[in-house]
Number of protein chains: 2
Amino acid sequence: MSLRHALLGLLVDRPASGYDLMKLFDTSLAHVWPATQSQVYGELNRLAEAGLVDVSAEGPRRRKEYTITGQGRQELGSWLAAPTQRQPRRSELLLKVFFLHLATPEQTRAMLAEREKRAAADHERLAALRAALESEEGPLTVNGRIALEYGLRWAEMERDWAGWAAAQIEG
Amino acid sequence: MSLRHALLGLLVDRPASGYDLMKLFDTSLAHVWPATQSQVYGELNRLAEAGLVDVSAEGPRRRKEYTITGQGRQELGSWLAAPTQRQPRRSELLLKVFFLHLATPEQTRAMLAEREKRAAADHERLAALRAALESEEGPLTVNGRIALEYGLRWAEMERDWAGWAAAQIEG
DNA sequence: GAGGCCATGTAACATGTTACATGATTGT
DNA sequence: ACAATCATGTAACATGTTACATGGCCTC
């Protein structure tokens, strides 16, 4: 149900239409919580039905502008305060690791090397981004920096793990 | 489509019924690729229809025993060799981080502290498991150790990140 | 007047969850 | 005979993806 909270969170800043929100999903939220058009428009209707947002204005081209309600803010607040499960419960990578004995050592090492390469590339990309952000000011970038750091540390972890894992493979 | 590959992988070892496979999902694959009964039975029927498995025997209580076919092995092999995307594309944690400015510094620090605590607990649990596994022998545990190490490093990363992030919050 | 952007939606499909339905066989 | 376990499935719902449908408005 987090698409719902993502929409509510975006609507706190200012009222917006589904179209506006879609653009925000495609830009700022693209790497954190991607969403499709159908999802956004559908969820906005459900949100309005549930009283968490209101249609505050109608504009040209059937434009509907949504505003978050008090009930919506409350829902968002309790979501933010609630603890979050750690987890991608399903990992295709680890599933492959589970079946490693079904491939040759060469195949396995190649797979892990590929993974290491990708993680290293991601790490470099994010490190460059962090360097670029360091010169910028403003409280708006604090969140971004914290999220970025997560991605950076994760890529680093995975890169190192893949290297270590390849060394464990015998033969 | 990885449920399909998980089933094929399990069937390489030996033929099995849906019931047998469910038990394997609940034990060995529980943390890597959980699956429900409905999914397993449904996918097995689809797999048989696609010719990737055969019903090799029928037993008491309508038991159907499935065996992987040559085509099934081929499908499994190419899946194992193919590169895997890095990714949980959606992260509820990072979504909350994105909206951190909507909560008070106290709430934010509490949320991050909770996360740190959970990651630390997971880390300890896995470290104990690794220690227990160290005394065991056999090539069957190599995979398990590699997967375990991933979880361990991830928990460590998250624990440290949460501590660092909490320190970034002002006020 | 034509092309591009604004704007909202529906339909079909894939995957996964939860709950329910049904019954056979085995061991005590 | 009764309970536990074996065994397979269906139905309803939630979430997400892809493709398609429809049309208004603005600028050149």
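Residue numbers begin at 1 in each chain, while the letters A, B, ... track the order of the sequences.
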Kindly say if [X] contacts the phosphate of [N], meaning a side-chain N or O under 4.0 Å from OP1 or OP2.
{"X": "A:Gln39", "N": "D:dT17", "value": "yes"}
{"X": "B:Lys64", "N": "D:dG9", "value": "yes"}
{"X": "A:Arg62", "N": "C:dT8", "value": "no"}
{"X": "B:Arg63", "N": "D:dC6", "value": "no"}
{"X": "A:Arg89", "N": "C:dT15", "value": "no"}
{"X": "B:Tyr41", "N": "D:dG9", "value": "no"}

Could you state the atom-to-atom distance from [atom1] of [X] to [atom2] of [N] in whole Å?
{"X": "A:Asp26", "N": "C:dA7", "atom1": "CG", "atom2": "P", "result": "15 Å"}
{"X": "A:His5", "N": "D:dA14", "atom1": "NE2", "atom2": "P", "result": "15 Å"}
{"X": "A:Gln87", "N": "C:dG16", "atom1": "CD", "atom2": "P", "result": "15 Å"}
{"X": "B:Leu7", "N": "D:dT8", "atom1": "CG", "atom2": "P", "result": "12 Å"}
{"X": "A:Glu58", "N": "C:dC6", "atom1": "CD", "atom2": "C1'", "result": "16 Å"}
{"X": "A:Gln37", "N": "C:dC6", "atom1": "CD", "atom2": "C1'", "result": "11 Å"}
{"X": "B:Phe25", "N": "D:dT8", "atom1": "CZ", "atom2": "P", "result": "14 Å"}
{"X": "A:Glu43", "N": "D:dC13", "atom1": "CD", "atom2": "P", "result": "17 Å"}

Positive for side chain to side chain contact (heavy atoms under 4.5 Å, CB included) with B:Ile146, one of A:Leu94, A:Leu100, A:Thr108: A:Leu100
Classify [X] by what it touches in the nucleic acid, base, sugar-phosphate, or nothing, heavy-atom distance under 4.0 Å.
{"X": "B:Arg4", "answer": "nothing"}
{"X": "B:Arg46", "answer": "nothing"}
{"X": "A:Met22", "answer": "nothing"}

Of the nucleotides [options], which one has an atom closest to the side chain of [X]?
{"X": "B:Tyr19", "options": "D:dG16, D:dT8, D:dC25", "result": "D:dT8"}
{"X": "B:Met1", "options": "D:dC20, C:dT15, C:dG16", "result": "C:dT15"}
{"X": "A:Tyr66", "options": "D:dT15, D:dC6, C:dG9", "result": "C:dG9"}
{"X": "A:Arg61", "options": "D:dT18, D:dC25, C:dT8", "result": "D:dC25"}
{"X": "A:Ser17", "options": "D:dT15, C:dC20, C:dT8", "result": "C:dT8"}
{"X": "A:Asn45", "options": "C:dT18, C:dG9, D:dA7", "result": "C:dG9"}

dist A:Leu52:CG -> A:Gln71:CD (nearest 0.5 Å) comes out at 5.0 Å
Should B:Arg90 and A:Pro34 count as side-chain neighbours, where that means a heavy-atom distance under 4.5 Å? yes
Taking the side chain as every heavy atom from C-beta outward, state whether A:Leu47 and A:Leu11 have any atom pair closer than 4.5 Å. no
Taking for each residue the nucleotide of DNA chain D bearing the nearest heavy atom, is the 5' side occupied by A:Ser2 or by A:Pro60? A:Ser2
Closest nucleotide of DNA chain D for B:Arg90 versus for B:Gly18: which of these residues is on the 5' side? B:Gly18
Is the NZ or CZ atom of A:Arg86 both under 6.0 Å from the centre of the six-membered ring of B:Trp154 and within 45° of that ring's axis? yes
Quick one: sort the A:Trp79 and A:His5 rings into parallel, tilted or perpendicular, breaks at 30° and 60°. parallel
Classify the side chain of B:Thr36 and the base of C:dT18 as holding, or not holding, a donor-acceptor pair under 3.5 Å. no
